[in-house]
*Asks:* 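One structure, pasted below without further comment.
Chain letters run A, B, ... following the sequence lines, proteins first and then strands; every chain starts at 1.
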Amino acid sequence: MINQKLLEWFDQNKRNLPWRHGRNPYRVWISEIMLQQTQVKTVIPYFNKWMEKYPNLESLKNAKYDDIIKIWEGLGYYSRCKNIYSAVQKITTSFPKTYEELVSLPGIGDYTAKTILAIAYNNQAVGIDTNLERIGYRQLGLKAKSKRNQQRVINFLEKNQSKDRPGDYNEALMDLGSSLCKAYTTFCKQCPIKSSCKAFKSSSPTKYPTPKISKKLPTYDIAVSVIKFDNRVLISKRENTKFLSGLWEFPGGKIEKNESAEIAIIRELKEETNLNIKTPTYLGSIKHQYSHFGVNIALFISYPKSISNLSIKQDYKWIQIDDIDKYALPKANHKMLDILRKLD
DNA sequence: AACCCGTGGTT
DNA sequence: TAACCAAGGGT
């Protein structure tokens, strides 16, 4: 059993993290959602801001989504935020306590359900995230990521679960994976469970498991314009979209083949807003990487003579540029604001 | 089952 | 620096 040495190491080396204080199911839940595919260092300030404004389920139940997404702004994977919001509406009485209830909530899958069970309720569950998975593959000396090997890892990690401290067992493995048994680097000499580790016995532990090959991401050319009228700018809200849902942005769209950026932005603004822009002014370009594609954005500023024929399907607003920080924007739009500010 | 879903960090 | 990783889930 590896759990005894693991827990001894944890008692000496555990990280001091905000969600490890004042522990309750609500705080564990919010932290786990924020931490999905997101580094601890990134999450900490977001978690603290969130708890300052929404310290419990009740306060969240009474909140407006526009205020919630503003807290989430910049954290990415915005459907997580929407899932929290709709989960809150589904929780009518107390916070769910069983696996079935937990996974039935939007945004909670197998990992998150089991981790909440172990950490918040001290159940004998093992939530296997990328840290635990990597440690399992290394302990067992497995390289190929296959269904069979995955099951071996699950069996190994569950077999070693601690009877007394199941939550600490989960967190000990996470801390070990993030400090000593990292993806690119290992510090095997300090590892409390190296004696049972087959990857340690090999010459190169970081080769376990074999890294996955990701496919190349496409890049798209985009044209975007700040539209200024009467000392205000136009922003519109992305709603009911899978991508950047609930966030505000400046209008624009893809540059078609054989089309200049200037022609594209005139066409896009006509299609989106029905405004006729005669002479958009080019301000600069922005590169940005999303999770599954990259963009090169040509940024313009436009001054319509009239907005009497304005027509937009989405929610939109004319705002003072100084009020922009009241709205949640994607990172790419913040890069645009940086260019705008440099003009002044 | 493969793809979609953000952003920042690491080698 | 391009590729890959980070407390995954939804479809």
*Asks:* For A:I69 and B:dT7, give me the distance from atom CD1 to atom P, rounded to whole Å.
*Replies:*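 From A:I69 CD1 to B:dT7 P: 11 Å.
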*Asks:* For the rings on A:F243 and A:F293, is their centre-to-centre separation under 6.0 Å?
*Replies:* yes
*Asks:* Please encode protein proximity along nucleotides 4-11 of chain C as a string of B, S and -, counting only heavy-atom distances under 4.0 Å.
*Replies:* BSBBBSS-
*Asks:* Hey, what do you get for CD1 (A:I193) to CZ (A:R138), rounding to the nearest 0.5 Å?
*Replies:* 11.0 Å
*Asks:* Quick one: A:L217 CG to C:dT1 C1', roughly how many Å, whole number?
*Replies:*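 Value for this atom pair: 15 Å.
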*Asks:* Please state the P separation for the pair C:dA3 and B:dG6 - nearest whole angstrom.
*Replies:*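 It comes out at 22 Å once rounded to the nearest Å.
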*Asks:* Decide whether A:T206 and A:T186 meet the rule of one side-chain donor and one side-chain acceptor closer than 3.5 Å.
*Replies:*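 A:T186 and A:T206 do not have a side-chain donor-acceptor pair below 3.5 Å.
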*Asks:* Strictly below 4.0 Å: does A:H288 bring a side-chain N or O up to OP1 or OP2 of B:dT7?
*Replies:* yes
*Asks:* Applying the side chain to side chain donor-acceptor pair (under 3.5 Å) criterion to A:S245, which one of A:R238, A:K82, A:E239 satisfies it?
*Replies:*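 It is A:K82, the one option of A:R238, A:K82, A:E239 that forms the side chain to side chain donor-acceptor pair (under 3.5 Å) with A:S245.
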*Asks:* Could you tell me the separation between the NZ atom of A:K41 and the P atom of B:dG9, rounded to a whole number of Å?
*Replies:* 6 Å
*Asks:* Under the 6.0 Å and 45° cation-pi test, does A:K49 pair with A:Y46?
*Replies:*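 Because its charged atom sits under 6.0 Å from the ring centre and within 45° of the axis, A:K49 does stack over A:Y46.
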*Asks:* Taking only the C1' atom of each, what is the distance from B:dA2 to C:dA7 in whole angstrom?
*Replies:* 23 Å
*Asks:* Could you name each residue pair satisfying side-chain hydrogen bond (donor to acceptor under 3.5 Å, both in side chains) that touches residues 85-105 of chain A, not counting sequence neighbours?
*Replies:*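 Qualifying pairs: A:T98-A:E101, A:Y99-A:D110.
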*Asks:* Would A:K254 count as a cation-pi partner of A:Y220, with NZ or CZ less than 6.0 Å from the six-membered ring centre and within 45° of the ring normal?
*Replies:* yes
*Asks:* Can you tell whether the side chains of A:R341 and A:D338 come within less than 4.0 Å, N to carboxylate O?
*Replies:*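 Here A:R341 pairs with A:D338 in a salt bridge, since their nearest N and O are under 4.0 Å apart.
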*Asks:* What base-paired stems does DNA chain B take part in, with at least 3 consecutive Watson-Crick or G-U wobble pairs and both distances under 3.5 Å?
*Replies:* B:2-5 with C:8-11, B:7-11 with C:2-6
*Asks:* B:dG8 C1' sits how many Å from A:I44 CD1, rounded?
*Replies:* 14 Å
*Asks:* Salt bridge check, A:E158 against A:R152: does any charged N sit closer than 4.0 Å to a carboxylate O?
*Replies:*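 Not counted as a salt bridge, because no side-chain N and carboxylate O are separated by less than 4.0 Å.
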*Asks:* Please state how far atom CD in A:Q289 lies from atom P in B:dG9, giving the value in whole angstrom units.
*Replies:* 15 Å
